[in-house]
Protein chains: 2
Amino acid sequence: MIDPEGMLPVYVQVADVIAARIERGDLVPNRPIPSETALVQEFGVARGTARHAVEVLRERGLVATIPGRGTFVLPPK
Amino acid sequence: MIDPEGMLPVYVQVADVIAARIERGDLVPNRPIPSETALVQEFGVARGTARHAVEVLRERGLVATIPGRGTFVLPPK
DNA sequence: CTATATTTGTGCGTATGTATG
DNA sequence: ACATACATACGCACAAATATA
């Protein structure tokens, strides 16, 4: 699923997987994406890497993070 | 007591101290070990570190945690 | 039944150190 | 020097489970 030896950095690969789930409707607007801890377990990456992936999703305008609550899928514009 | 500059991670050091107390009979089977908050105060560590220490003790099969109740010393095998 | 206190569970924010390419 | 990635450790806030008044 995630290839540490791949062309793209691990955090981008993780971001892409989550973005694809949003695109597919697997993750829906106003609902949280998996927590950082969940991403760590699912993808087998460090927490810093999971956070970096979520940061990418924020920069893409796909999600918004509420401190202490979670990161939520934004409605499509 | 706990050496942040030591060879072992703080959470392992804390786990070792508690394990020693169980070994010595200071903490007895079917009775709770100190709460996370108590460990935080006693050892001067963050709660996450205290939780990590308890996690280690669970992995060693020394204790079992019941949500909302506490973490209890298991009877020796 | 309600309210409060305690304890564990979860979530994010941040910083530091180490290692690798 | 820099980016990537992991591990450790600090902090805060709120939710869930449990026990008790």
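By convention in this document, chain letters (A, B, ...) are assigned in the order of the sequence lines, proteins followed by strands, and residues within each chain are numbered from 1. Values in this document were obtained by computation on a predicted structure and should not be read as measured data.
- Mapping B/V40 and B/H52 onto DNA chain D by nearest heavy atom places B/H52 at the nucleotide closer to the 5' end.
- Here D/dA3 presents its C1' atom at 14 Å from CG of A/L8, a figure rounded to the nearest Å.
- In this structure, D/dA1 makes no Watson-Crick or G-U wobble pair, since no nucleotide meets both defining distances under 3.5 angstrom.
- Taking CE of B/M1 as the start and CD of B/Q13 as the end, the distance is 11.0 Å to the nearest 0.5 Å.
- Side chains of A/R31 and A/F72 form no contact here, defined as non-hydrogen atoms less than 4.5 Å apart.
- Using a 4.0 Å heavy-atom distance criterion, A/G70 is classed as a sugar-phosphate-only contact.
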Output one letter per nucleotide in nucleotides 14-21 of chain D: B when a protein non-hydrogen atom lies under 4.0 Å from the base, S when only the sugar-phosphate is that close, - when neither is. ---BSS--
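- Taking atom CD1 of residue B/I2 and atom C1' of nucleotide D/dC10, one finds them 15 Å apart after rounding to whole Å.
- Between the CZ atom of A/R51 and the CZ atom of A/R47 there is a distance of 5.5 Å, given to the nearest 0.5 Å.
- The minimum heavy-atom distance between B/V54 and B/V63, with the atom names listed, is O-CG2, 4.2 Å.
- Nucleic acid contact class of A/V45 (heavy atoms, under 4.0 Å, all strands): sugar-phosphate only.
- Among D/dA9, C/dG9, C/dC12, the nucleotide with an atom closest to any side-chain atom of A/T71 is C/dC12.
- The separation between B/E5 atom CD and D/dT8 atom P is 16 Å, rounded to whole Å.
- Under 4.0 angstrom from either OP1 or OP2 of C/dT7 there lies no side-chain N or O belonging to B/T37.
- Nearest to the side chain of B/P9, among D/dT8, D/dC6, D/dA5, sits D/dT8.
- In this structure, CD on B/E23 lies 11.5 Å from CG on B/D16, to the nearest 0.5 angstrom.
- A straight line from CD of B/E36 to C1' of D/dC10 spans 16 Å, rounded to a whole angstrom.
- Within the 4.0 Å cut-off from OP1 or OP2 of D/dA9, not a single side-chain nitrogen or oxygen of B/Y11 is found.
- Here the straight-line distance linking atom CG of A/L62 with atom CG of A/L74 works out to 8.0 Å at 0.5 Å rounding.
- Contact check, A/T49 against D/dC6: a side-chain N or O comes under 4.0 Å of OP1 or OP2.
- Protein atom CG of A/L39 is 15 Å distant from nucleotide atom P of C/dT10, rounded to whole Å.
- Counting heavy atoms from C-beta outward, B/Q41 and B/T37 have side chains that approach closer than 4.5 Å.
- You'll find that the side chain of B/S35 is closest to C/dT7, out of D/dC10, D/dA5, C/dT7.
- In this structure, B/E55 atom CD and C/dT8 atom C1' are separated by 13 Å, rounded to whole Å.
- Picking from D/dA5, C/dT10, C/dC12 the nucleotide with the shortest atom distance to the side chain of B/R51 gives C/dT10.
- If you check the side chains of B/R58 and B/T65, you find a donor sitting under 3.5 Å from an acceptor.
- The distance between atom CD of B/Q41 and atom P of C/dT6, rounded to the nearest whole Å, is 11 Å.
- Rounded to whole Å, the distance from CG on B/D3 to P on D/dA9 is 11 Å.
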